[in-house]
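Beneath this line is the structure, given in structure tokens, with notes to follow.
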4 protein chains.
Amino acid sequence: MKTPLTFAVVGGDMRQAKLAEMLSADGHFVYAYALEKADMSSSAVIKTGLQQALCAADCVILPLPVSGKAGFVNTPVSKEICSLDEVFSRIRPNQLVCAGRVDDNCKKIASAYGVRVIDYYAREELMVANALCTAEGAIAIAMDNTAITLCSAKILVIGFGRIGKLLSNRLHGLGADVYVSARSHADHAWIRAYGFKPLHTYRLGGLLSDFDVIINTVPATVLDENLLREVKKNSLLLDLASKPGGIDFASAAGLGLHVIWALSLPGEAAPITSGAIIRDTIYNILREEEEEKH
Amino acid sequence: MKTPLTFAVVGGDMRQAKLAEMLSADGHFVYAYALEKADMSSSAVIKTGLQQALCAADCVILPLPVSGKAGFVNTPVSKEICSLDEVFSRIRPNQLVCAGRVDDNCKKIASAYGVRVIDYYAREELMVANALCTAEGAIAIAMDNTAITLCSAKILVIGFGRIGKLLSNRLHGLGADVYVSARSHADHAWIRAYGFKPLHTYRLGGLLSDFDVIINTVPATVLDENLLREVKKNSLLLDLASKPGGIDFASAAGLGLHVIWALSLPGEAAPITSGAIIRDTIYNILREEEEEKH
Amino acid sequence: MKTPLTFAVVGGDMRQAKLAEMLSADGHFVYAYALEKADMSSSAVIKTGLQQALCAADCVILPLPVSGKAGFVNTPVSKEICSLDEVFSRIRPNQLVCAGRVDDNCKKIASAYGVRVIDYYAREELMVANALCTAEGAIAIAMDNTAITLCSAKILVIGFGRIGKLLSNRLHGLGADVYVSARSHADHAWIRAYGFKPLHTYRLGGLLSDFDVIINTVPATVLDENLLREVKKNSLLLDLASKPGGIDFASAAGLGLHVIWALSLPGEAAPITSGAIIRDTIYNILREEEEEKH
Amino acid sequence: MKTPLTFAVVGGDMRQAKLAEMLSADGHFVYAYALEKADMSSSAVIKTGLQQALCAADCVILPLPVSGKAGFVNTPVSKEICSLDEVFSRIRPNQLVCAGRVDDNCKKIASAYGVRVIDYYAREELMVANALCTAEGAIAIAMDNTAITLCSAKILVIGFGRIGKLLSNRLHGLGADVYVSARSHADHAWIRAYGFKPLHTYRLGGLLSDFDVIINTVPATVLDENLLREVKKNSLLLDLASKPGGIDFASAAGLGLHVIWALSLPGEAAPITSGAIIRDTIYNILREEEEEKH
């Protein structure tokens with residue numbers, strides 16, 4: 001990967017701002033557009049207009065998620081409004097375009113302009129590192145919203161995917177009594193091998209009454225009204241799953257349960273780490289693109 | 001220890017309210033005074049006046065710390081004002097009086113009325129359990145006030161007393177790169193044996209520049225202006241030591257450093273666990289008092 | 001799964017003997033053949049001839065690995081010689097046959113008799129649980145064959161598959177300075193998230209000189225003569241990979257390095273746990289077979 | 001501490017030989033006597049007679065334990081016989097004499113010659129580091145002598161001193177279900193805070209029947225015949241306590257229990273680490289002696 005490169009960082013939240021600063025600190029030229037409310041005063045990042053930013057770039061980095069309103073770049077820390085058309089219409093063939101969580105509409109627009117968009121959010125290394133941010137964020141939320149210590153607390157983690165794996169590891173390190181639900185025999189073997197207690201995700205009935213904290217990571221309704229009736233009133237229910245979530249929120253509210261649905265934790269809980277994750281992933285992409293050329 | 005006993009819980013914060021509820025849930029008769037703003041609606045605790053509370057009690061439990069303003073019981077969740085004289089003047093010889101962090105003034109007043117006050121805050125088991133609450137509270141603060149994950153962060157814990165021991169254990173469990181400072185060769189051996197890296201508390205000069213988080217637990221100024229100059233600007237400095245703390249706060253402010261002085265974490269971060277700790281300690285005291293009689 | 005069932009346990013090592021005892025302790029009828037040198041005196045397992053064992057069985061359990069010499073059942077704790085033909089020729093259609101690590105020759109013989117053989121060694125839950133036995137066994141070997149503590153030792157685990165994952169977890173828990181090599185960016189992200197240090201499996205050159213222990217889990221030559229030259233003389237090299245192993249053993253010997261090639265650890269290091277793993281896997285198979293019928 | 005110094009290493013086991021090599025590798029002049037069966041061929045250590053070794057030394061290092069047969073230096077890897085008289089009679093006033101586990105007889109002889117002997121075994125930092133070696137050695141023994149994995153095993157550690165603290169920490173890291181017995185409420189609070197389960201050392205009756213491994217660290221009989229009757233037959237009983245040990249060995253033998261009494265683990269399980277521990281402690285002693293002079 002040749003150095004220095006020129007990057008255009010367009011839109012996004014604090015992560016994108018941190019990403020711009022870190023790319024610049026690595027010796028690259030960085031143009032930023034639509035990040036003006038994020039404080040980057042101390043860095044060498046050049047704040048500029050869209051045209052100038054795109055013009056000079058070897059690599060254009062669009063946010064995570066790429067789209068805010070349909071057809072527009074997600075620009076939460078900016079007053080600028082910028083359509084995906086405006087961006088993609090200016091991309092030249094030799095420019096690399098990276099974006100996060102590329103939706104169908106975005107794909108359609110890009111393809112209309114013949115632009116190849118690489119989705120860095122689809123990269124496994126980013127998902128794993130993001131899962132870690134989510135796991136830590138979830139622990140902070142659990143600590144902040146319970147009147148007990150997590151040490152000695154009886155905690156259920158529903159699901160043993162990336163987030164479930166890291167969350168159960170951390171909770172065990174904090175001295176909690178950790179139960180993890182999963183569906184496959186293989187996952188149960190892993191759960192046991194790590195010193196946690198396995199339950200079956202779809203056979204939780206009758207087992208929920210004395211958990212102090214229940215954290216869902218499965219993006220499908222697991223805790224329906226029947227199961228929620230078992231949960232004790234002073235439990236904390238924390239849902240980390242993207243829409244539609246894994247908890248029947250209406251029933252939970254009706255039962256007076258304490259539910260928190262926490263989305264987008266990486267960007268909120270650890271924007272610097274999240275920015276660094278995107279940077280590392282972009283570097284991996286650039287290196288692989290270069291290798292493929294040869 | 002005979003059961004059920006009658007307890008008077010007088011003053012205090014949410015911990016004391018939770019304590020009253022838990023004593024009641026254990027089958028004891030519990031009178032509470034000066035806790036009316038704490039919600040105990042669902043429990044069998046009897047809210048009453050001071051006289052009635054004290055009158056029936058086998059054991060009178062005063063708060064932690066026992067004194068608010070000098071000479072008065074600490075009553076932060078009450079509009080009642082209650083002097084220590086009022087309390088001690090009503091104590092009968094066969095009643096056991098327990099209080100937390102008994103200061104000299106309180107001792108003097110008690111002794112003027114011939115009342116023996118047992119300081120449950122002086123009990124080692126309470127201090128250890130409280131240190132755990134403090135360690136967890138500190139971790140939540142560190143997570144909430146940094147833009148990075150604690151995993152992979154370079155963290156210094158100053159001091160290897162109760163809090164330092166538990167805090168370093170938890171941070172290691174969260175994947176941090178943990179350094180602990182202490183003064184004795186023996187503590188350094190412990191620090192190494194637990195897999196952390198030892199530093200000398202009074203030889204930190206030249207070593208502070210790349211810590212992401214520095215947490216002090218030593219109640220004497222360790223981080224003076226000279227050392228603070230070494231700390232990088234986006235570090236988090238967290239002081240858990242009681243007054244006067246271990247950080248030169250004025251210098252830190254002058255240097256633009258991010259400092260948080262977190263006191264009284266057990267009661268704030270985990271009032272239920274903290275209440276349970278006091279309950280268990282009171283039970284231990286009662287058992288020992290009974291054993292001594294025989 | 002109907003209970004009690006009748007099992008025939010034919011051949012195998014201590015694991016198979018323990019398996020027979022545990023099946024019997026669970027209330028099943030168990031016939032054992034070709035396990036006579038394993039002490040099962042205190043159990044209700046019926047030692048018998050091949051014919052009688054097979055005749056009554058709902059489920060026939062062959063060993064792991066199923067074959068000793070080609071065409072013969074593996075019978076290391078027996079003086080009996082028993083061909084796979086003898087076994088499969090006696091199997092009736094309604095009998096379930098389970099065997100471990102079923103090789104092509106065994107498959108051919110079974111199919112000649114129209115017998116379906118289920119390979120319990122191919123089940124992911126067994127492989128994970130076995131990996132744990134291997135990881136613990138490797139730790140015991142490392143402790144027994146080094147003159148240092150694993151705490152503070154610098155250790156490299158090559159490969160981040162099942163064994164690599166569990167081994168690095170355990171070594172970290174023992175206070176070692178753990179490096180793990182893997183090839184994918186995603187694995188590197190996992191390695192970092194668990195608090196270990198990632199290296200690239202095929203870019204270890206120049207990095208090997210100060211490891212105290214190097215443990216290979218990859219079944220392909222990773223440590224060739226060039227890399228082995230870097231290893232310090234008092235290191236321990238432990239190879240857990242099945243044939244051909246991951247270390248150039250001839251070169252290592254020539255260089256005077258201390259190499260241990262440890263195979264079949266589950267059965268040797270933890271025969272009871274290994275027997276229990278096979279039992280649980282057989283139960284899972286039986287339950288699934290039953291479910292498929294309905 | 002001035003460098004280089006001249007050391008005489010007299011007698012001892014592999015630890016002492018490793019110590020001599022490490023002192024030499026640090027740039028000191030090292031004379032070794034009565035260590036000829038230990039292989040130190042590759043080092044710059046000078047093997048010599050007693051007289052010459054003592055003559056040149058700034059610091060004389062005697063073994064751990066200092067005495068073999070009463071009145072004689074402990075020389076297990078030598079054919080030399082060397083009395084304490086021979087050593088102490090040759091010590092000059094400006095020489096520092098360090099020895100391990102100095103018994104009354106040794107003290108008496110030293111004092112007859114006016115020699116001050118510093119007992120490095122009495123130093124807390126050495127005891128802690130040694131406890132770690134013992135804990136690891138105990139884990140290797142437990143792994144080697146059970147047919148199960150320690151992961152998921154139910155294990156009791158009796159005593160929460162140095163060894164108990166480190167052993168329970170390690171076993172927890174290996175995924176065991178860890179119970180620790182201690183007597184004080186404070187220790188119980190620590191045990192809970194680390195995520196283990198507390199029991200009372202002298203109230204174990206009725207609780208011992210399903211432990212897979214029981215490890216004693218208390219040097220007073222804890223497991224008498226009555227308690228041993230509760231222990232299940234295939235448990236492993238491991239005693240780490242110095243004489244008289246904590247298990248009634250005769251009763252255990254009578255009951256057919258599997259007991260291992262493991263003494264002197266640091267020197268056996270990790271002679272290099274143990275040698276390094278003694279070296280570090282000697283350096284600490286030298287530094288403190290120098291500081292006191294000024």
Side-chain angles (χ1 to χ4, degrees), chain C residues 13-15 17-19 21-22 38-39 42 128-153 166-176 178 195 212 233-236 256 265-277 280, chain D residues 13-15 17-19 21-22 38-39 42 128-153 166-176 178 195 212 233-236 256 265-277 280:
Chain C
D13 54 22
M14 280 308 297
R15 285 176 285 192
K18 292 296 174 187
L19 166 66
E21 290 182 334
M22 288 184 278
D39 175 33
S42 66
V128 172
N130 257 4
L132 171 63
C133 298
T134 300
E136 272 207 17
I139 283 169
I141 291 174
M143 286 178 168
D144 290 342
N145 290 280
T146 49
I148 56 170
T149 55
L150 298 188
C151 177
S152 304
L166 289 168
L167 191 49
S168 50
N169 175 277
R170 269 27 182 198
L171 291 168
H172 190 244
L174 290 166
V178 181
D212 298 301
K233 289 292 168 274
N234 57 353
S235 289
L236 173 66
L265 284 179
E268 277 176 30
I272 292 181
T273 300
S274 299
I277 291 168
D280 293 344
Chain D
D13 54 23
M14 279 310 295
R15 286 177 284 192
K18 292 295 176 189
L19 166 65
E21 289 183 334
M22 286 184 277
D39 174 33
S42 65
V128 172
N130 258 4
L132 171 63
C133 298
T134 301
E136 271 206 19
I139 283 169
I141 291 174
M143 286 177 168
D144 290 341
N145 289 279
T146 49
I148 56 170
T149 56
L150 298 189
C151 178
S152 305
L166 289 168
L167 192 49
S168 49
N169 174 277
R170 268 30 181 198
L171 291 168
H172 189 243
L174 291 166
V178 181
D212 298 300
K233 290 294 169 270
N234 57 352
S235 289
L236 172 67
L265 283 180
E268 276 176 31
I272 292 182
T273 300
S274 299
I277 291 168
D280 292 344

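By convention in this document, chain letters (A, B, ...) are assigned in the order of the sequence lines, proteins followed by strands, and residues within each chain are numbered from 1. No experiment lies behind these values; they were computed from the predicted model shown.
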Is C/A140 in contact with chain D via its backbone, its side chain, both, or neither, using a 4.5 Å heavy-atom distance? both

For the side chain of C/R170 and the backbone of D/L174, is there at least one donor-acceptor N/O pair under 3.5 Å apart? yes

Give, for atom CG of D/L19 and atom CG of D/D13, the distance between the pair rounded to the nearest 0.5 Å. 10.5 Å

Quick one: what part of D/I141 sits under 4.5 Å from any heavy atom of chain C, side chain, backbone, both or neither? neither

Heavy-atom pairs under 4.5 Å with chain C - which of D/N169, D/L150, D/T146 has more of them than the others? D/L150

Is chain D contacted by the side chain of C/T149, its backbone, both, or neither, given a heavy-atom distance below 4.5 Å? both

Would you call C/D212 and C/L236 a side-chain contact if the rule is heavy atoms closer than 4.5 Å? no

Side-chain donor or acceptor of D/S274 paired with backbone N/O of D/P266 under 3.5 Å: yes

Counting heavy-atom pairs under 4.5 Å with chain D, the top scorer among C/N234, C/L132, C/I148, C/L166 is C/I148

Largest heavy-atom contact set with chain C, pairs under 4.5 Å, which of D/S152, D/A147, D/G173: D/A147

In Å, rounded to the nearest 0.5 Å, how long is the span from OG1 of C/T273 to CG of C/N130? 10.0 Å

